[in-house]
Amino acid sequence: MDRTKEKEVGSPRFSIKKLAVYLFLLIASLASLFPFYYMFVMATRLNREINQVPPPFTPGRDLVNNFQKVLDNIDFFGAMWNSLVVSTSVTIGTLFLCSLAGYAFAKLAFKGKNVLFVFILITMMVPPQLGLIPQYYIITELGWLNDYRAIIVPGLINAFGIFWMRQYIKEGVPAELIEAARMDGCSTFRIYWNIVVPMILPAFATLGIIVFMQVWNDFLWPLVVLRDPSMHTLQVALRSLNDARQMDYGMIMSGTFWATVPLIIVFLLFNRLFIDSLSEGAVKS
């Protein structure tokens, strides 16, 4: 009898409120996936089919033909390799340097720490386009034009990355654990490498995904400093598919679709750690 009352009083497993939430999430998910799906549809169609009224919403049969057009116009796989090298280098360097800086701001005591951290946050408010000319002048003086160092080195320090790592380490790494390591004779770098790094893997995954996507999709700066077509990153190479006289949307969407696939693979590989970093509540206001 008591068990029956408990079941009646307890919250039901199925309710209108839960149904509304799930329905909203389903609609939002479909809406966010639709642009990618329609890009795939356009990548499988010819120009005359895309320009029909109403436009087609189902995949066609010309995915291979459109991609062959891409390969005929640009060195797609060479540009993809260039983007992979640049994005991976910047991501690894950013994770290492930003986690070091975040650890210093979160757990070390030094003069002017708070003031310096405020200046770093201020740089996040400055549009990156404002630094294009002075950055180009510096790269020219260093002789790095048409060199991957012009893209990799300026991208190694990320203000958001420092902020993200500082907040995560501050809340997610106990100060008592660091003090115990110091009492055992561990150096500052050994504490960082052996204690802090294993505890912030979800933060690494989150920042890594953000940085990798940002560098992979960067267009303006590589366009400015890379002049040799053989060194073009994928986004710069795809620009060559735009013909002012006649736009082949199927070919352009095919190149864009296959350029997006590596980003999806990276996210699927690290999405579990990405979700963990958001669900653990390590970053608190």
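The model shown is predicted, which means the values in this text are computed figures rather than measured ones. Basis for what follows: all heavy atoms, side chains included, without hydrogens, waters or symmetry-related copies.
- By the 4.5 Å heavy-atom criterion applied to side chains, V196 and S99 are not counted as neighbours.
- Classified by interplanar angle (parallel below 30°, tilted 30° to 60°, perpendicular above 60°), the ring pair F257/F36 is tilted.
- With values rounded to the nearest 0.5 angstrom, D75 atom CG is found 11.5 Å from H232 atom NE2.
- Proximity of V86 to I152: side-chain heavy atoms (C-beta onward) are separated by under 4.5 Å at one or more points.
- Counting only distance, with no hydrogens or angles, the side chain of N146 and the backbone of D228 share a donor-acceptor pair below 3.5 Å.
- The aromatic ring centres of F40 and Y37 sit 6.0 Å or more apart.
- When all heavy atoms are compared, the tightest approach of N66 to A43 is ND2-O, 2.8 Å.
- Residues F189 and V173 are members of one and the same hydrophobic cluster, defined by side-chain heavy-atom contacts under 4.5 angstrom among Ile, Leu, Val, Met, Phe, Trp and Tyr.
- In this structure, W81 contributes its side chain and F76 its backbone to no donor-acceptor pair below 3.5 Å.
- Sparse packing is recorded around CH2 of W258, with 12 or fewer heavy atoms of other residues, nucleotides or ligands lying under 6.0 Å away.
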Under 3.5 Å donor-acceptor pairs involving side-chain atoms of residues 116-142, not counting sequence neighbours:
residue, atom, partner, partner atom, Å
T123, OG1, I120, O, 2.4
Y136, OH, R227, NH2, 2.6
T140, OG1, Y136, O, 2.8

With a cut-off of 3.5 Å and sequence neighbours excluded, list every side-chain donor-acceptor pair involving residues 46-54.
residue, atom, partner, partner atom, Å
N47, OD1, Y249, N, 2.9
N47, ND2, M247, O, 2.6
E49, OE1, L46, N, 3.0
N51, ND2, N47, O, 3.1

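- In R190, the CZ atom is not crowded: 12 or fewer heavy atoms of neighbouring residues, nucleotides or ligands sit closer than 6.0 Å.
- Here the shortest heavy-atom pairing between P198 and W193 reads CD-O, 3.6 Å.
- In terms of the salt bridge (charged side-chain N to carboxylate O under 4.0 Å, His left out) criterion, residue partners of R149 (sequence neighbours excluded) are, by chain and number, D147.
- With N217 contributing its side chain and M213 its backbone, the two residues share a donor-acceptor pair below 3.5 Å.
- Residues F212 and V90 form no side-chain contact, since every pair of their non-hydrogen atoms from C-beta on lies 4.5 Å or further apart.
- When the salt bridge (charged side-chain N to carboxylate O under 4.0 Å, His left out) test is applied to K107, no partner is found at least two apart in sequence or on another chain.
- Qualifying side-chain contact (heavy atoms from CB on, under 4.5 Å) partners for I92, counting only residues two or more places apart in sequence or in other chains: T88.
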* To do: Under the side-chain hydrogen bond (donor to acceptor under 3.5 Å, both in side chains) rule, what do Y168 and T206 come out as? Steps first, then yes or no, please.
  => CA-CA 11 Å; Y168 198 101; T206 303; over 6 Å; no
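- Remark: side-chain polar atoms of T44 are paired, donor with acceptor, to backbone N or O of G60 under 3.5 angstrom.
- The shortest distance between side-chain heavy atoms of Q235 and P222 does not fall below 4.5 Å.
- Using a 4.5 Å cut-off on side-chain heavy atoms (C-beta onward), L177 and M199 make contact.
- With sequence neighbours excluded, the residues forming a side-chain contact (heavy atoms from CB on, under 4.5 Å) with L26 are L30, listed by chain and number.
- In this structure the side chain of T188 reaches within 4.5 angstrom of the side chain of L108, judged on heavy atoms.
- Of the possible polar contacts, one joining the Y148 side chain to the M231 backbone as a donor-acceptor pair under 3.5 Å is found.
- Between the D62 side chain and the R45 main chain, no donor and acceptor come within less than 3.5 Å of each other.
- With values rounded to the nearest 0.5 angstrom, S87 atom OG is found 10.0 Å from Q214 atom CD.
- Of all non-hydrogen atoms in V41 and P59, the two that sit nearest each other are CG2-N, 4.1 Å.
- Between the side chain of W164 and the backbone N or O of A203 there is at least one donor-acceptor pair closer than 3.5 Å.
- Remark: side-chain polar atoms of S83 are paired, donor with acceptor, to backbone N or O of L234 under 3.5 angstrom.
- Between atom CG of residue L207 and atom OG1 of residue T94 there is a gap of 7.0 Å, rounded to the nearest 0.5 Å.
- Aromatic rings from F163 and F105 are positioned such that their centres are separated by 6.0 Å or more.
- Counting non-hydrogen atoms of neighbouring residues, nucleotides and ligands closer than 6.0 angstrom, the OH atom of Y22 reaches no more than 12 such neighbours.
- With contacts defined as side-chain heavy-atom distances shorter than 4.5 Å, the pair N82/L226 does not qualify.
- A salt bridge links K69 with D248: the closest approach of a Lys/Arg side-chain nitrogen to an acidic carboxylate oxygen falls below 4.0 angstrom.
- Side-chain contact between T233 and V236 is present, with heavy atoms from C-beta onward closer than 4.5 Å.
- In this structure, the side chain of S254 does not engage the main chain of G250 through any donor-acceptor pair within 3.5 Å.
- One finds the CE atom of M251 at 10.0 Å from the CG atom of L238 (value rounded to the nearest 0.5 Å).
- For the 3.5 Å distance criterion, the side chains of Q68 and D72 qualify, holding a donor opposite an acceptor.
- For the atom pair L25 CG and I27 CD1, the distance stands at 9.5 Å (nearest 0.5 Å).
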